[in-house]
Amino acid sequence: MRKIAVISDVHSNLEALEAVLARIDGLGVEAIYSLGDVVGYGPDPEACLLLTKDRCFLRLLGNHEHAVLNPDYGDTFNPAARQAIDWTREHLQKAGLLDCISDLQPYTREDEILFAHGSAQNALHEYLVEVNRSGYSTFDEIVDSLENDFIYFRICFVGHNHKPFLATTEGFIHPHQEMNEFQVSMEEKLYISVGSVGQPRDGDPRACFATFDGSKVTYHRVPYAFETTAEKIRSAGLPKTLADRLALGK
Ligand SMILES: [Fe+2]
């Protein structure tokens with residue numbers, strides 16, 4: 001198969017997105033897949049939308065785009081996220097860019113690969129976490145899901161978690177600096193969480209994405225000027241916590 005790059009959760013962070021695209025340009029990638037949440041939280045929704053529209057072969061709907069399009073989306077977001085969603089809606093409306101996200105779907109299948117924003121079970125909203133919390137799938141449940149649900153597809157790429165991991169029927173692998181390349185067999189069932197470009201939450205502030213060529217999954221980390229993004233968030237009047245967390249990777 002062709003070599004692809006899979007990005008997710010840009011969250012209106014133009015500095016991170018530009019750094020990631022520059023890295024991708026040097027990797028011999030043939031197509032970029034974006035798994036949603038290009039907007040929300042950050043200060044540059046218009047530029048990030050236009051850039052992903054221009055560069056990505058596939059763009060999925062994330063829960064933040066869904067909330068921007070549906071003002072009565074309910075109470076699934078914390079107050080800072082809600083404030084940013086209302087701010088984003090206003091800005092995209094003014095720029096005439098809501099059409100840019102109105103046709104997106106939260107998942108799609110290409111041959112044996114499912115691409116989803118959230119999870120294979122709930123493409124828009126479900127998080128995958130290590131410990132049991134209501135409304136979340138645990139890692140054990142994910143391994144069961146690989147056994148039971150991965151029938152019409154063998155591989156599932158997800159975003160939404162903001163933390164990179166690779167799950168096989170053998171167990172979980174968390175990529176890190178010394179271990180970021182994984183050789184996989186052509187028969188293996190894989191759950192691949194690609195991490196977040198614009199708001200990583202695994203304690204590493206660098207932007208995160210993955211590449212896949214059919215036999216190797218590689219996680220990439222890219223430093224970017226998060227102080228610039230944080231300053232823009234503060235100047236825009238968005239919640240200060242959204243600026244502060246970028247330096248922490250949380
Ligand atoms: Fe997200």
Side-chain angles (χ1 to χ4, degrees), residues 5-17 20 32-45 47-49 51-52 56 58-70 73-89 91-92 100-101 104-107 115-129 133 135-137 156-165 191-210 219 221-222 224 226 229-230 233 238-239 241-246 248-250:
V6 189
I7 66 172
S8 193
D9 297 270
V10 170
H11 283 301
S12 301
N13 186 332
L14 184 60
E15 288 70 32
L17 177 60
V20 160
I32 305 172
Y33 290 63
S34 165
L35 304 188
D37 279 6
V38 167
V39 301
Y41 296 133
D44 283 309
C48 290
L49 260 188
L51 195 48
T52 48
C56 296
L58 172 81
R59 293 187 301 131
L60 291 183
L61 180 83
N63 54 319
H64 283 252
E65 280 93 12
H66 181 260
V68 164
L69 292 168
N70 298 280
Y73 53 82
D75 57 357
T76 50
F77 291 89
N78 64 45
R82 276 207 296 272
Q83 193 183 324
I85 282 163
D86 293 341
W87 183 93
T88 300
R89 185 183 305 112
H91 279 251
L92 292 183
C100 217
I101 54 173
L104 302 181
Q105 298 298 319
Y107 69 94
F115 296 92
H117 179 65
S119 76
Q121 292 77 10
N122 181 334
L124 198 53
H125 290 296
E126 187 176 49
Y127 286 98
L128 308 170
V129 293
R133 282 166 70 181
Y136 291 62
S137 267
C156 179
F157 280 97
V158 292
H160 193 50
N161 297 290
H162 292 224
K163 290 179 183 176
F165 70 74
Y191 222 136
I192 303 167
S193 172
V194 300
S196 167
V197 169
Q199 197 196 78
R201 294 179 192 161
D202 61 346
D204 183 342
R206 294 175 300 169
C208 186
F209 71 98
Y219 290 88
R221 299 305 293 239
V222 188
Y224 75 95
F226 54 75
T229 318
I233 290 174
L238 287 162
T241 49
L242 299 177
D244 298 342
R245 66 189 304 174
L246 295 181
L248 307 170
K250 285 194 173 152

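Counting convention: from 1, in listed order, for ligands and their atoms alike.
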Taking the six-membered ring where the residue is Trp, are the ring centres of H162 and H11 under 6.0 Å apart?
yes

Taking only residues two or more places apart in sequence or in another chain, which ones pass salt bridge (Lys or Arg N to Asp or Glu O under 4.0 Å) with R221?
D202, D204

Step by step, would you call D9 with Y41 a side-chain contact (heavy atoms from CB on, under 4.5 Å)?
CA-CA 10 Å; D9 297 270; Y41 296 133; over 6 Å; no

Report yes or no: does Y224 contribute a side-chain atom to a donor-acceptor pair with the main-chain N or O of V197 at less than 3.5 Å?
no

Determine the minimum heavy-atom distance between G159 and V194, stating which atoms define it.
CA-CG2, 4.4 Å

Counting only protein N/O/S, how many atoms fall short of 2.8 Å from the Fe ion (ligand 1)?
4

Which heavy atom in H160 sits nearest to a heavy atom in S8, and how many Å separate them?
N-OG, 3.9 Å

